[in-house]
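Worksheet: one structure, shown below.
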Amino acid sequence: MADENADIEGTVEDEDESSDDPDLQLELNVFRAQWMSELKPSSGASGTSNRLLQAKSLRKAQEIAREEKATELFLRAVQEEQNGAVYEAIKFYRMAMQLVPDIEFKINYSRPPDADRGGGNYMEDSDADGEIEDLLAYFEQQLSVEGSFPKICTPEVEMTQVHISALPREILMYIFRWVVSSDLDMRALEQLSLVCRGFYICARDPEIWRLACLRVWGRKCTKLVPFTSWREMFLQRPRVRFDGVYISKTSYIRQGEESLDGFYRAWHHVEYYRYLRFFPDGHVIMLTTPEEPLSVVPRLRTRNTRMDSVLLGHFRLSQETGNQTKVFAVVCKKKDEKATDFQRNRFCRRNPAPEAEHSFHVGLALSSGGQQSFSKLVWIHHSCHITYKLTGETVVTTFELDRMYTPFFFARVKSYTAFSEQPL
């Protein structure tokens, strides 16, 4: 009984202490009222559905408020980071991610018209997917709203020297033509467009791509139809590539001579390569040699190669019905006048061999192999034309295309476009 009286006295004392705290008493009253309301029988299914809707709307409102607060903190962190206050930015980043862990991926922000280079004001993009269909038009619009005389780009840090943005646009475009060069290095132009939005606009200049198309197809590209731009024509219309070399590898087994004792007969594994190097001005180099690409490819960078067995000539593209593009080339051996004069003076024959010119006509079908575009050339024709200078007669010998004529596959060579000799 003494213990029970002690417990009652302790309970009374706790109630007296709790009654002294008004906030705690208020929370207890709210809890009791809510508990009693839950114990009362509901008015039916409608009451239950109403409570569910109210709970769902309340939860949604809380999520929206939490996301708005996280967005505000995240944008504040971006502003602090741009101003150089890294520690403050980290604090706001942490607070934003505590509210919404993936808030970084829910914000699509872009600059408003009155934002300067270092401003921290951002606005959410209305595009839910975060993708911009016409990036060129979007960048041009951004530059147009920044001022009446917008700059192509602005320096990220303060500089004591003159920044490239101070150059007129005409000089910048001339620099871009040097980047493309006469070798049509459009890959370098695409990489240059990744620097900033101003360079992106300059790299999409229609005049540069139109000049590139004229270098490839000449008079055959006066109209854009069915393409929408010169860049689209250059990227999608079939053409040969100039930033590398086409290589064909052929191998076969040949029977050798019988041994002296007649006990065995040797078999030889023969392997050789064919190389095709195209140039934007219409020239082509063809070489057949057993040497591997590692030693041959660097010597095919220019037309002025010192290899004696190389064949030089011209090529043209022919696009027939059915969208089949073919490459026709005529190549011949380099003329060596000094050796000819030496042989003529050294050997005096009563009946010299008639002088003749040998030329080889090559026909190839252009196709795409693997993931690369226009990277495969398949043989469709090969013939030798011998023209005698004395009579003017031409003898044509057509070769049969058997398994020895393996297709050419393209290999990009970075050193071919490492230097620019002249602008586009």
Side-chain angles (χ1 to χ4, degrees), residues 182-187 211-222 227 230 232-250 272-289 293 296-297 300-303 305 307 309-334 358-385 396-413 416-417:
S182 58
D183 296 327
L184 296 185
D185 187 10
M186 310 308 291
R187 183 187 183 92
L211 293 176
C213 293
L214 289 176
R215 289 292 302 273
V216 176
W217 294 284
R219 299 177 181 177
K220 297 181 181 180
C221 66
T222 55
F227 305 101
W230 295 106
E232 182 182 353
M233 175 188 287
F234 187 88
L235 296 178
Q236 297 185 7
R237 186 173 177 179
R239 55 178 172 80
V240 293
R241 298 184 58 176
F242 310 116
D243 55 344
V245 60
Y246 289 87
I247 303 175
S248 171
K249 180 181 179 180
T250 304
Y272 64 93
Y273 299 86
R274 292 189 180 99
Y275 300 90
L276 272 177
R277 167 86 162 100
F278 297 96
F279 295 90
D281 57 358
H283 287 83
V284 63
I285 294 178
M286 186 174 181
L287 176 64
T288 303
T289 177
V296 175
V297 168
L300 298 179
R301 185 180 182 276
T302 62
R303 299 193 303 270
T305 178
M307 305 179 70
S309 57
V310 72
L311 301 177
L312 303 177
H314 295 78
F315 77 94
R316 64 179 179 88
L317 296 176
S318 175
Q319 189 170 6
E320 301 178 355
T321 56
N323 202 22
Q324 177 65 43
T325 301
K326 298 179 180 180
V327 184
F328 295 99
V330 179
V331 293
C332 58
K333 194 173 182 180
K334 294 191 301 181
H358 295 71
S359 61
F360 297 90
H361 292 233
V362 177
L364 303 164
L366 182 62
S367 61
S368 299
Q371 298 181 352
Q372 294 185 351
S373 302
F374 327 124
S375 60
K376 185 178 179 180
L377 293 173
V378 182
W379 288 89
I380 58 176
H381 176 76
H382 189 204
S383 62
C384 178
H385 294 233
V396 180
T397 304
T398 303
F399 302 104
E400 182 181 356
L401 301 180
D402 52 10
R403 62 184 183 86
M404 307 296 291
Y405 288 86
T406 56
F408 290 86
F409 291 95
F410 180 79
R412 179 173 170 262
V413 184
Y416 287 176
T417 55

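Sequence positions, counted from 1, serve as the residue numbers for this chain.
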*Using a strict 4.0 Å threshold on nitrogen-to-oxygen distance, state whether Arg187 and Asp185 make a salt bridge.*
no
*Is the shortest heavy-atom distance from the side chain of Arg277 to the side chain of Val284 under 4.5 Å?*
no
*Are the aromatic ring centres of Tyr405 and His382 under 6.0 angstrom apart?*
yes
*Which value, rounded to the nearest 0.5 Å, describes the distance between Arg241 atom CZ and Met186 atom CE?*
13.0 Å
_To the nearest 0.5 Å, what is the distance between CZ on Phe399 and NE2 on His361?_
11.5 Å
*Hey, could you give me the CG/CE distance between Leu300 and Met286, rounded to the nearest 0.5 Å?*
12.5 Å
*Rounded to the nearest 0.5 Å, how far does CG of Leu366 lie from NZ of Lys376?*
11.5 Å
*asked:* Once rounded to the nearest 0.5 Å, what's the spacing between atom OH of Tyr273 and atom OG1 of Thr288?
replied: 13.0 Å
*Write down the atom of Val330, the atom of Ser359, and the distance for their closest heavy-atom approach.*
CG1-CB, 4.3 Å
*asked:* Can you tell me how far apart NE2 (His314) and SG (Cys332) are? Round to the nearest 0.5 Å.
replied: 9.5 Å
_I'd like to check Ser318 versus Phe328 (side-chain heavy atoms, cut-off strictly below 4.5 Å). Are they in contact?_
yes
_Side chain Ser248, main chain Thr406, donor-acceptor under 3.5 Å_ = yes
*Show your reasoning for whether side chain to side chain contact (heavy atoms under 4.5 Å, CB included) applies to Val245 and Leu276.*
CA-CA 6 Å; Val245 60; Leu276 272 177; 5.7 Å; no
_CA sep, side-chain torsions, deciding dist, call: Val240, Leu317, side chain to side chain contact (heavy atoms under 4.5 Å, CB included)_ = CA-CA 8 Å; Val240 293; Leu317 296 176; 4.1 Å; yes
*Taking side chain as C-beta onward, heavy atoms only, is Ser309 less than 4.5 Å from Lys333?*
no
*Aromatic ring centroids of His358 and His385 under 6.0 Å?*
no
*Name the one of Leu287, Ile285, Val310, Leu311 that satisfies side chain to side chain contact (heavy atoms under 4.5 Å, CB included) with Val331?*
Leu311
*asked:* When you measure from the centre of the six-membered ring of Trp217, is the NZ or CZ of Arg239 closer than 6.0 Å and no more than 45° off the axis?
replied: no
*Closest heavy-atom contact between Thr250 and Met404?*
OG1-O, 3.2 Å
*Within 45° of the ring axis of Phe279 and under 6.0 Å from its six-membered ring centre, is that where the NZ or CZ of Arg303 lies?*
yes
*Where do Trp379 and Phe408 land on the side chain to side chain contact (heavy atoms under 4.5 Å, CB included) test, with the steps shown first?*
CA-CA 8 Å; Trp379 288 89; Phe408 290 86; 3.3 Å; yes
_Residues which pass ring-ring contact (aromatic ring centres under 6.0 Å, His included) with Phe234, listed by chain and number, not counting sequence neighbours_ = Trp209
_Quick check: closest heavy atoms across Phe374 and Arg237, and the distance to 0.1 Å?_
CZ-O, 3.4 Å
*Could you walk me through whether Asp243 and Tyr416 pass side chain to side chain contact (heavy atoms under 4.5 Å, CB included), step by step?*
CA-CA 6 Å; Asp243 55 344; Tyr416 287 176; 5.7 Å; no
*Which heavy-atom pair separates Ser383 from Val396 by the least distance, and what is that distance?*
CB-CG1, 4.4 Å
*Can you name the residues that form a ring-ring contact (aromatic ring centres under 6.0 Å, His included) with Trp230, not counting sequence neighbours?*
none
*Is the centre of the Phe278 ring less than 6.0 Å from the centre of the Tyr246 ring?*
yes
*Should Pro293 and Tyr275 count as side-chain neighbours, where that means a heavy-atom distance under 4.5 Å?*
yes
